[in-house]
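The structure under discussion appears below in the form of structure tokens.
Within every chain, numbering begins at 1; the chains are lettered A, B, ... in the order of the sequence lines, protein sequences first and strands thereafter. Reckoned from all heavy atoms, side chains included, excluding hydrogens, waters and symmetry mates.
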Amino acid sequence: MYLFLPVSFNSFALFGKLHVNMVPKYNPSETETRWQDRWSADRLYQVTEESTSPKWYELTMFPYTSGDLHIGHWYAMAPSDVHARFRRMQGYNVLYPMGFDAFGLPAENAAIRHSIHPFIWTMQNVENMRSQLKRMGSCYDWSREIITCLPEYYKWTQWLFLKLYHGGLAYRAKAPVNWCPLCQTVLANEQVIAEGICERCETPVIKKDIEQWFFRITRYADELLDYSKIQWPERIKAMQTNWIGRSEGVEVGFGLEHPDLADQELRVFTTRPDTIYGVTFAVLAPEHPLVDKLTTPEQRPAVDEYVAHTKTQTEIERLSTDGEKTGVFTGAYAINRLNGERVPLWIADYVLLSYGTGAVMAVPAHDARDFDFARKHGLPIRTVIAPPGWSGRDLDEAYVESGTMVNSARFDGMTSEQGWQAIASYMESQSYGKRTVTYRLRDWLISRQRYWGAPIPMVYCDKCGIVTVPESDLPVELPPDAEFRPTGESPLKYCDSFVHTRCPACEGPARRETDTMDTFMCSSWYMLRYASPDYDQAAFDPDRVNYWLPVDQYTGGAEHAVMHLLYARFFIKAIRDLGLINFDEPFLRLFNQGTIIAQRHKMSKSRGNVINPDQYVAELGADVVRAYLMFIGPWEQGGEWDDSGINGINRWFHRIWTLVTETQEASFPAHTVNSEAEHELLQKTHRTIKKVTEDLERFRFNTMLAALMEFTNYLSKVATDKAVSAAAWRESLRDLLLLLAPTAPHLMEELWALTGNPYSIHTQPFPVWGEQLVAEEEVTLVIQVNGKVRDKIVVPISITQAEARDLALAQPRVKAHVEGKEVTKLVYVPRKLLNLVVK
RNA sequence: GCCGAGGUGGCGGAACGGCAGACGCGACGGACUUAAAAUCCGUUGGGCAUCGCAGCCCGUGCGGGUUCGAGUCCCGCCCUCGGUACCA
């Protein structure tokens with residue numbers, strides 16, 4: 001329906017080689033694939049380190065091998081392609097690679113459902129997606145392609161795992177971890193999203209106590225909070241900061257009186273030591289190890305029942321009680337050492353074992369949760385921080401702000417901030433408290449009970465224990481003949497040829513680790529591999545990594561804020577400390593494009609609203625689809641896919657085609673006759689160059705295209721008026737093509753060739769504006785009376801205030817509003833406006 | 001609840017504190033055509049007024065404020081979207 005119509009050619013002044021009887025029309029499919037083949041054959045986009053130009057590493061998050069590129073992929077990839085092309089034309093030595101995130105559960109599910117091996121399924125998808133990416137007109141250096149599921153890549157993933165292990169950053173531990181019953185695997189905290197559901201399949205996760213492999217990301221918590229070396233969107237930095245959840249407080253020991261305990265202390269973490277005189281009870285998580293020992297015989301039945309009930313609850317149930325604070329008394333007491341008070345010990349599921357010490361001191365007067373709990377269970381509430389103007393009466397709700405300390409013995413009268421420090425110091429001096437920093441961030445759980453991932457290169461030997469696979473034996477390859485069971489159990493576990501091996505240390509019989517690595521491990525270092533994808537001595541060639549890295553510009557979706565983006569930052573810092581690299585951050589600049597939605601919802605296969613760009617590409621060409629996606633609105637805002645406007649871009653490109661191919665250069669005067677018109681053309685051209693350049697720098701593609709449309713409209717008038725010389729016309733047309741080359745690489749290459757220019761437009765320098773040509777000589781001065789616009793006058797830029805005032809007062813429309821009144825004030829903004837305030 | 005982004009014509013969206021609505025879509029009118037499509041030209045925030053030319057008033061989620069001047073800055077709300085949530 002959107003087919004380009006035949007363009008009627010009346011003259012061929014620009015390219016006499018075309019025969020008049022031919023009816024040349026712009027056939028996007030033919031033209032675009034022809035140029036794509038040529039670029040590919042010429043290796044136009046391959047780069048090396050041998051260059052005197054400054055380097056620029058531009059990277060887009062590589063796609064998961066789901067099978068098809070939908071419009072969301074295009075929205076992520078086309079604009080970054082434009083930016084990379086722009087940088088290349090600006091003279092940078094640009095590394096702009098592409099690859100595939102190829103491990104993951106969907107491949108394994110396909111194996112179970114359709115009896116196709118994950119490798120075959122994945123590689124078919126890679127083939128398909130690679131050709132779709134090429135059809136987009138992208139300028140990737142395909143000689144550097146990486147596919148994470150190939151042994152030549154995951155060998156180095158395993159190699160890096162061993163480096164972390166030897167560096168003390170990978171460890172195996174038993175812990176209560178998130179288990180997704182549908183995916184049949186554990187998940188990292190970051191992969192459990194809102195309401196405790198699995199990030200991939202949205203199934204509620206449950207807690208399981210199993211031995212797993214972890215990376216010590218928590219060791220880097222503080223450094224991860226330092227964003228001073230990167231230019232990232234505030235929103236992503238805020239999300240990471242919240243996720244890491246650093247909080248400063250005091251770990252306080254409460255005394256315990258119990259005959260069986262070696263350590264007579266209950267440790268709690270608090271951020272409000274200033275409220276310690278308000279403690280009226282303490283609460284332990286139901287799973288807290290002391291619960292069993294402390295519970296008195298009378299309370300045991302109630303406690304046991306509550307603990308058992310908590311265990312059966314899923315995360316969702318436990319969290320969805322909506323503020324309903326349940327709990328039971330253990331019968332035991334602890335001593336608040338500041339005032340010697342005995343406080344009852346309760347257990348309640350609002351206290352989490354995984355945070356802080358798994359126990360809290362409860363100050364109902366100054367904590368909303370403790371307040372609810374105290375109200376519900378009839379526990380006392382004692383005010384120790386007085387709100388401003390406090391009458392001394394009981395509080396109606398918890399007062400959590402700062403105030404003046406009361407009921408706090410010798411700390412009374414201090415502000416809560418002073419009291420915080422004073423009490424913390426006092427407790428430290430008495431050795432039962434210590435200033436501590438606690439984080440919400442947990443170590444990264446990286447093992448998965450799945451087949452389609454990089455095997456963890458570890459061996460279990462009855463004699464030697466846990467033994468690493470020697471580097472020389474890498475990669476530990478996935479067995480091709482594993483059996484995919486409909487139950488979803490890990491195929492590796494039941495693959496004898498894989499499991500049974502020899503111990504690298506003692507040569508005796510041993511078992512392989514059957515867990516594989518989280519796919520986020522593969523994507524934590526892929527940006528390094530692109531620098532030297534052929535290197536076979538290590539994961540990367542230090543020289544080439546030092547040349548290209550860090551990534552100068554990274555682009556991708558915000559959904560990876562606390563997954564991929566956090567893991568990659570950790571990973572770079574970790575291997576820096578192992579001496580493998582010498583920089584601190586993987587991605588210097590980050591730009592997050594928004595989400596493209598359809599029918600008000602995120603596109604998803606399950607919702608059935610996935611837009612496939614192929615039909616649009618076939619009818620209109622990739623150039624039109626690229627440009628339309630960029631024209632919808634600001635890139636960072638995303639937007640709704642609605643094809644009703646796509647014809648506007650189609651028409652515009654058509655107009656450019658006509659303008660270039662039908663305008664006879666010979667019909668313009670050979671020499672300048674109207675210098676004013678020519679000067680204006682020059683100015684408009686250079687102002688457009690400036691606008692387009694600045695917009696490309698800032699990823700403001702929509703306004704860049706608007707400026708180019710305006711410029712095209714202007715050139716159409718110039719082509720009609722023919723008041724400029726042929727040379728001036730040729731120059732401006734040439735700049736139009738160059739400015740649009742990153743956006744519409746095929747059409748511009750075609751027009752560039754048709755106008756007799758040497759191949760290729762994409763190796764040309766980007767136009768540069770002249771400052772003197774963008775400067776204004778005349779400006780439109782807005783004349784206001786009492787802030788309302790009454791007239792506009794065109795004046796030379798050199799006009800003085802007095803001249804402007806006199807000129808303004810002489811305007812009839814201004815006169816009408818000033819006459820008979822007194823001008824009490826005059827606001828003059830040079831080059832902008834003149835405001836007359838009258839009374 | 002907390003953090004972040006946003007709210008502007010029929011629609012997508014422009015606008016260093018200084019002409020609100022660039023650019024595009026759609027709609028309407030005209031040219032071309034046997035006709036339609038495509039293309040080209042024109043109009044297009046609302047209201048008043050006008051043969052036409054001018055002209056006047058209102059208008060950027062709501063309510064205040066700062067300023068000669070506010071879509072833009074400040075204070076208080078409402079709504080939408082994204083993230084996060086018993087984190088002590």
(request) Report yes or no: is there a donor-acceptor pair, N or O only, under 3.5 Å between the side chain of A:Gln784 and the base of B:G18? (result) yes
(request) Mind checking A:Asp370 for me? I need base, sugar-phosphate or nothing, with any heavy atom below 4.0 Å counting as a touch. (result) nothing
(request) Among B:C57, B:C19, B:C68, find the nucleotide with the atom closest to the side chain of A:Lys788. (result) B:C57
(request) Taking atom C1' in both B:C11 and B:G26, compute the distance separating them and give it to the nearest angstrom. (result) 7 Å
(request) Take the protein atom CG of A:Leu740 and the nucleotide atom C1' of B:C23, then report the distance between them rounded to whole Å. (result) 14 Å
(request) Give none if B:U43 has no partner; otherwise give the nucleotide forming a Watson-Crick or G-U wobble pair with it, both distances under 3.5 Å. (result) B:A27
(message) At 4.0 Å (heavy atoms only), tell me whether A:Asn835 reaches a base, stays on the sugar-phosphate, or touches nothing.
(response) base
(message) Nearest to the A:Arg790 side chain among B:A14, B:G24, B:C57, which nucleotide is it?
(response) B:C57
(message) Tell me the interatomic distance from A:Ile597, atom CD1, to B:G12, atom P, rounded to whole angstroms.
(response) 11 Å
(message) Under 4.0 Å, counting only non-hydrogen atoms across every strand here, what does A:Ser247 touch: a base, just sugar-phosphate, or nothing?
(response) sugar-phosphate
(request) Report yes if a side-chain nitrogen or oxygen of A:Asn713 is closer than 4.0 Å to either non-bridging phosphate oxygen (OP1 or OP2) of B:G24; otherwise report no. (result) yes
(request) Can you tell me the distance, in whole Å, between the CH2 atom of A:Trp635 and the P atom of B:G13? (result) 17 Å
(request) With a 3.5 angstrom cut-off on both distances, give the Watson-Crick or G-U wobble partner of B:G69, or none if there isn't one. (result) none
(message) Looking only at the side chain of A:Val782 (C-beta and beyond, no hydrogens), which of the listed nucleotides B:C19, B:C23, B:A14 gets closest?
(response) B:C19
(request) Please determine, for the side chain of A:Val360, which listed nucleotide (B:A88, B:C23, B:G6) has the closest atom? (result) B:A88
(request) Determine the contact category for A:Pro634: base if any of its heavy atoms lies under 4.0 Å from a base atom, sugar-phosphate if only primed atoms, P, OP1 or OP2 are that close, otherwise nothing. (result) sugar-phosphate
(request) Identify the heavy atoms of A:Lys237 and A:Tyr227 that sit nearest to each other, and give their distance. (result) O-OH, 3.2 Å
(request) Look only at the side chain of A:Thr270 and the backbone of A:Val250, and say whether a donor-acceptor pair between them is shorter than 3.5 Å. (result) no
(request) Tell me what A:Val829 touches on the nucleic acid: a base, only sugar-phosphate, or nothing, going by heavy atoms under 4.0 Å. (result) base
(request) Would you mind pulling out the nucleotide paired to B:C77, Watson-Crick or G-U wobble, both distances under 3.5 Å? (result) B:G61
(request) Could you work out the separation of B:G71 and B:C78 based on their P atoms and round it to a whole Å? (result) 23 Å
(message) Among B:G12, B:C3, B:A88, which nucleotide has an atom closest to any side-chain atom of A:Phe631?
(response) B:G12
(message) For A:Phe711 and A:Tyr714, take the angle between the two ring planes, folded into 0 to 90°, and tell me which bin it lands in: parallel under 30, tilted 30 to 60, perpendicular over 60.
(response) parallel
(message) Measure CD/A:Glu640 against C1'/B:G12 and give the value in whole Å, please.
(response) 10 Å
(request) In whole angstrom, give me the gap between the C1' atoms of B:C28 and B:C77. (result) 41 Å
(message) With a 3.5 Å cut-off and heavy atoms only, can you find an N or O donor on one side and an acceptor on the other between the side chain of A:Lys825 and the base of B:C68?
(response) no
(request) Whole angstrom is fine here: how far is it from CD in A:Gln240 over to P in B:G4? (result) 16 Å
(request) Looking only at side-chain atoms of A:Gln637, point me to the closest of B:G6, B:C19, B:A88. (result) B:G6
(message) Applying the Watson-Crick and G-U wobble criteria at under 3.5 Å, what pairs with B:A37? Answer none if nothing qualifies.
(response) none
(request) Run the salt-bridge test on A:Arg337 and A:Glu265 with the 4.0 Å N-O cut-off and return the result as yes or no. (result) yes
(request) In whole angstrom, give me the gap between the C1' atoms of B:G45 and B:U8. (result) 10 Å
(message) Students often mix this up, so state it plainly: with edges at 30° and 60°, are the rings of A:His560 and A:Phe520 parallel, tilted or perpendicular?
(response) perpendicular
(message) Parallel, tilted or perpendicular, judged at 30° and 60°: which one describes the rings of A:Tyr26 and A:Trp657?
(response) tilted
(message) Strictly below 4.0 Å: does A:Arg651 bring a side-chain N or O up to OP1 or OP2 of B:C23?
(response) no
(message) Nearest to the A:Glu710 side chain among B:C23, B:C86, B:C25, which nucleotide is it?
(response) B:C23
(request) Determine whether A:Thr688 and A:Leu708 make a side-chain contact, defined as any pair of heavy atoms from C-beta on separated by less than 4.5 Å. (result) yes
(message) Please classify B:G9 as syn or anti, treating any glycosidic angle within 90° of 0 as syn.
(response) syn
(request) Answer yes when A:Glu694 and A:Arg698 have at least one side-chain N-carboxylate O distance shorter than 4.0 Å, and no when they do not. (result) no
(request) Please measure how far the P atom in B:G24 lies from the corresponding atom in B:C41, and state the result in whole Å. (result) 11 Å
(request) Tell me, yes or no, whether the heavy-atom count around A:Lys434 atom NZ, taken from other residues, nucleotides or ligands under 6.0 Å, exceeds 12. (result) no
(message) Both A:Thr270 and A:Arg813 contact RNA chain B. Which one's nearest nucleotide lies toward the 5' end?
(response) A:Arg813
(request) Could you give the distance separating B:C23 and B:C81 at their P atoms, to the nearest angstrom? (result) 32 Å
(request) Check the distance between B:C25's P and A:Phe653's CZ and give it to me in whole angstrom. (result) 13 Å
(message) Could you tell me how far B:C40 sits from B:U60 if I compare only their P atoms? Round to whole Å.
(response) 36 Å
(message) Using OP1 and OP2 only, check whether a side-chain N or O of A:Asn702 sits under 4.0 Å from B:A14.
(response) yes
(message) Distance check, P atoms only: B:G18 and B:A27, in whole angstrom units.
(response) 35 Å
(request) Identify whether any heavy atom of A:Arg235 sits under 4.0 Å from a base atom; if not, whether one sits that close to sugar-phosphate; answer base, sugar-phosphate or nothing. (result) sugar-phosphate
(message) Measure CE/A:Met709 against P/B:G12 and give the value in whole Å, please.
(response) 17 Å
(request) Considering just the side-chain nitrogens and oxygens of A:Arg440, establish if one lies under 4.0 Å of OP1 or OP2 belonging to B:A88. (result) no
(request) Round to the nearest Å and state the distance from A:Asn647 atom CG to B:G26 atom P. (result) 7 Å
(request) Could you check which nucleotide pairs with B:G9 in any of the strands shown, counting Watson-Crick or G-U wobble with both distances under 3.5 Å? (result) none
(message) Taking the minimum atom-to-atom distance to the side chain of A:Ile632, which one of B:G12, B:A88, B:A22 wins?
(response) B:G12
(message) Regarding A:Asp349 and A:Thr310, do their side chains bring together a donor and an acceptor under 3.5 Å, going by distance alone?
(response) no
(request) Establish, with yes or no, whether the OP1 or OP2 oxygen of B:A15 is under 4.0 angstrom from a side-chain nitrogen or oxygen of A:Lys691. (result) no
(request) With heavy atoms under 4.0 Å as the rule, sort A:Arg700 into base, sugar-phosphate or nothing. (result) sugar-phosphate
(message) Looking only at the side chain of A:Arg655 (C-beta and beyond, no hydrogens), which of the listed nucleotides B:G24, B:C16, B:C86 gets closest?
(response) B:G24
(request) Would you mind classifying the nucleic acid contact of A:His817 as base, sugar-phosphate or nothing, using non-hydrogen atoms under 4.0 angstrom? (result) sugar-phosphate
(message) Partner lookup for B:U84, please. Criteria are Watson-Crick or G-U wobble with both distances under 3.5 angstrom; report none if nothing qualifies.
(response) B:G1
(request) Select base, sugar-phosphate, or nothing to describe what A:Leu833 touches, counting heavy atoms under 4.0 Å on all strands. (result) base
